[in-house]
Peer 1: 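Input: one structure, supplied below.
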Amino acid sequence: MSGIVELKANKLNTQEFIEQKAAEISSAVGKGAAINALSGGVDSSAVTMLGHKALGERLKTFFINNGLMRENEPEQIVALFKKMGVDVQVVDAQEKFFSALKGISDPEEKREAITQTFYKDVFGKLVKESGAKYLLQGTILTDVDETVAGIKRQHNVFEQLGIDPQETFGYKIIEPLVQLRKDGVRKVAAALGLPEVLFKRMPFPGPALAARVIGEVTPEKINIVRKATSIAEKQLSSSGAFQYMAILHQDRVTGMRDGKRDFGLQIEIRCWDSLDARRATPTRLPWDTLDKLSSQIINDVPGVVSVTYNIASKPPSTMEAV
Ligand code: XMP
């Protein structure tokens, strides 16, 4: 669909792939410097290691704290990479993202606001300050496919949409993983020596928890979905599922607390079985598991009176709600 040749995970020679991509990065960047943003997902983690293998200290890695990440995520990721000898600088951009998202409830406009804030405002400035002409990015083939098909604009896809990053943002983008899907990236990440917590890490979208808040994204709503996410991730970690998440709905429903009406919040849980995120079916979770999830979310997340479990497959559903 995009003209990019897919490299299937079962045909992938990871060592050859790593050597070839490291050489390509070195020759593209030459004696200059490059920069990349690490989110801690398997894609950006693999790119970070690959880039450091190719460029060493000439690759500057940043963790952009957009305020939309999960509990303690920035600290955990920085600590993991420090152990592997990679220095990651955290950039606090929370206010910028929340002010860009203010008043926006349309899903595509939310994604666009995050993209613009990330690439133009926060990252554009970092690139200018660093003098780097190249940005290394962990775009994978599924991101490209879904964007080109018009299903969901992935925040990291430009060229295929006819956007020239050099012209628009002032830097070139190198995408070493663009021929792979998630299963291929996991193999490469393992071969790069990343720990299992990283190469087996559950996917998490670029727009982060903003992809899981229906309607306007505010710091308060992110706090609520962050708490529910933390509970869902802990309770479903042994489910063997591909991905699981909590979503905060916009509509309120009548509940009751202390004998009075509590027109409260709704959390939806999604838990997916999937190979590569192109198709997915809801995991057949035991009722007991669902029951425990619901009790803890109702008890520990303020204002929630309803917890539902999604039973629709992708397609026509998508995995994230926004
Ligand atoms: P959907 O919701 O499109 O998700 O069925 C498929 C997979 O992609 C992840 N996802 C994203 N990843 N940037 C990303 O890097 C994004 O904008 C994005 N949107 C969805 C999602 O978590 C799932 O694994």
Side-chain angles (χ1 to χ4, degrees), residues 1-2 36-48 63-64 66 68-70 73 77 97 100-101 106-119 123 135-158 160-161 163 173 175-178 180-186 189 198-214 217 225 229 232-233 236 239 241-247 268-283 310 312-322:
M1 195 172 8
S2 57
N36 82 311
L38 170 69
S39 68
V42 64
D43 307 341
S44 69
S45 296
V47 162
T48 301
F63 185 104
I64 309 294
N66 53 15
L68 309 170
M69 308 303 284
R70 289 165 292 184
E73 206 161 11
I77 301 303
F97 280 88
L101 286 163
D106 177 79
E108 206 52 37
E109 284 177 26
K110 274 155 65 172
R111 282 175 175 261
E112 185 61 14
I114 292 170
T115 302
Q116 290 297 329
T117 308
F118 185 89
Y119 287 97
F123 226 67
L135 172 63
L136 292 189
Q137 186 164 263
T139 319
I140 67 170
L141 195 48
T142 313
D143 300 339
V144 176
D145 282 350
E146 297 206 343
T147 302
V148 172
I151 296 166
K152 198 175 278 192
R153 159 77 189 272
Q154 306 283 331
H155 78 116
N156 51 1
V157 174
F158 298 109
Q160 294 78 11
L161 291 171
I163 299 168
I173 295 183
E175 296 172 320
L177 309 179
V178 78
L180 305 178
R181 298 202 187 266
K182 209 56 124 187
D183 46 350
V185 180
R186 290 194 200 283
L198 286 176
F199 75 74
K200 284 206 177 151
R201 207 153 188 252
M202 186 166 67
F204 188 62
L209 295 174
R212 298 174 183 176
V213 170
I214 317 286
V217 176
V225 82
T229 300
E233 289 195 353
L236 297 175
S239 64
F242 178 90
Q243 194 171 5
Y244 29 90
M245 61 191 74
I247 291 151
E268 176 190 343
I269 299 295
R270 294 183 177 192
C271 183
W272 297 108
D273 290 339
S274 179
L275 179 64
D276 56 16
R278 281 186 292 177
R279 305 180 73 80
T281 50
T283 307
N310 168 66
S313 295
K314 170 183 179 175
S317 180
T318 60
M319 295 171 81
E320 304 291 343
V322 167

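Atoms within a ligand are numbered from 1 in the order they appear, just like the ligands themselves.
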Peer 1: Would you call the rings of Phe118 and Phe123 parallel, tilted or perpendicular, where under 30° means parallel and over 60° means perpendicular?
Peer 2: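 The arrangement is parallel - the two ring planes meet at less than 30°.
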Peer 1: Is a side-chain donor-acceptor pair under 3.5 Å present for Thr283 with Asp273?
Peer 2: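 Yes, because at least one side-chain N or O of Asp273 sits under 3.5 Å from a partner of the opposite role on Thr283.
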Peer 1: Near Ala277, which atoms of ligand 1 are under 4.0 Å from a heavy atom of that residue?
Peer 2: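 Heavy-atom distances to Ala277 below 4.0 Å select 6 (C), 7 (C).
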Peer 1: Cut-off 3.5 Å, side chains only: do Asn36 and Ser44 have a donor facing an acceptor?
Peer 2: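 Side chains of Asn36 and Ser44: no pair found under 3.5 Å.
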Peer 1: What part of Lys182, side chain, backbone, both or neither, has a heavy atom within less than 4.0 angstrom of ligand 1?
Peer 2: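 Contact part for Lys182 vs ligand 1: neither.
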Peer 1: Which of the numbered atoms in ligand 1 are below 4.0 angstrom from a heavy atom of Arg111?
Peer 2: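 So the answer, numbered in order with elements, is 16 (C), 17 (O), 18 (C), 19 (N).
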Peer 1: Quick check against the 3.5 Å criterion: does Ser274 have a side-chain atom that pairs as donor or acceptor with the backbone of Arg279?
Peer 2: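 Here the side-chain-to-backbone pair exists.
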Peer 1: Go through ligand 1 atom by atom and flag the ones less than 4.0 Å from a non-hydrogen atom of Pro207.
Peer 2: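 Answer, ordered by atom number: 13 (N), 16 (C), 17 (O).
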Peer 1: What residue among Met202, Glu233, Arg212 forms side-chain contact (heavy atoms from CB on, under 4.5 Å) with Met245?
Peer 2: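 Passing option: Arg212.
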Peer 1: Below a 4.0 angstrom heavy-atom separation, can you tell me which part of Pro205, side chain or backbone, both or neither, approaches ligand 1?
Peer 2: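 Both backbone and side chain of Pro205 come within 4.0 Å of ligand 1.
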Peer 1: Would one find an N or O of Met319, backbone or side chain, under 3.5 Å from an N or O of ligand 1?
Peer 2: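 Between Met319 and ligand 1, an N or O pair is found under 3.5 Å apart.
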Peer 1: With a 3.5 Å cut-off and no angle check, do the side chains of Arg181 and Thr142 form a donor-acceptor pair?
Peer 2: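 Per modelled atom types, Arg181 and Thr142 side chains form a pair under 3.5 Å.
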Peer 1: For atom 14 (C) of ligand 1, which candidate among Ser317, Gly206, Ser39 provides the closest heavy atom?
Peer 2: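 Shortest heavy-atom distance from atom 14 (C) of ligand 1: Gly206.
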Peer 1: Flag Arg212 as yes when one of its N or O atoms lies below 3.5 Å from any N or O atom of ligand 1, and as no otherwise.
Peer 2: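 Arg212 vs ligand 1: no N/O contact under 3.5 Å.
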Peer 1: Any Lys/Arg nitrogen of Glu73 or Arg201 sitting under 4.0 Å from an Asp/Glu carboxylate oxygen of the other?
Peer 2: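 Yes, Glu73 and Arg201 are salt-bridged.
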Peer 1: Which residues satisfy the side-chain contact (heavy atoms from CB on, under 4.5 Å) test with Asn310, sequence neighbours excluded?
Peer 2: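 side-chain contact (heavy atoms from CB on, under 4.5 Å) list for Asn310, sorted by chain: Glu268, Arg270, Trp272, Pro282, Ala312.
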Peer 1: With a cutoff of 4.0 Å, is Ala211 in contact with ligand 1, counting heavy atoms of the residue only?
Peer 2: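 Ala211: no contact with ligand 1 (<4.0 Å).
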Peer 1: I'd like to check whether Lys314 has a polar contact with ligand 1, where a contact means an N/O of the residue lying under 3.5 Å from an N/O of the ligand.
Peer 2: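 Yes, Lys314 has an N/O under 3.5 Å of an N/O on ligand 1.
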Peer 1: Can you sort out which atoms of ligand 1 are near Pro203, meaning under 4.0 Å from one of its heavy atoms?
Peer 2: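 Answer, ordered by atom number: 24 (O).
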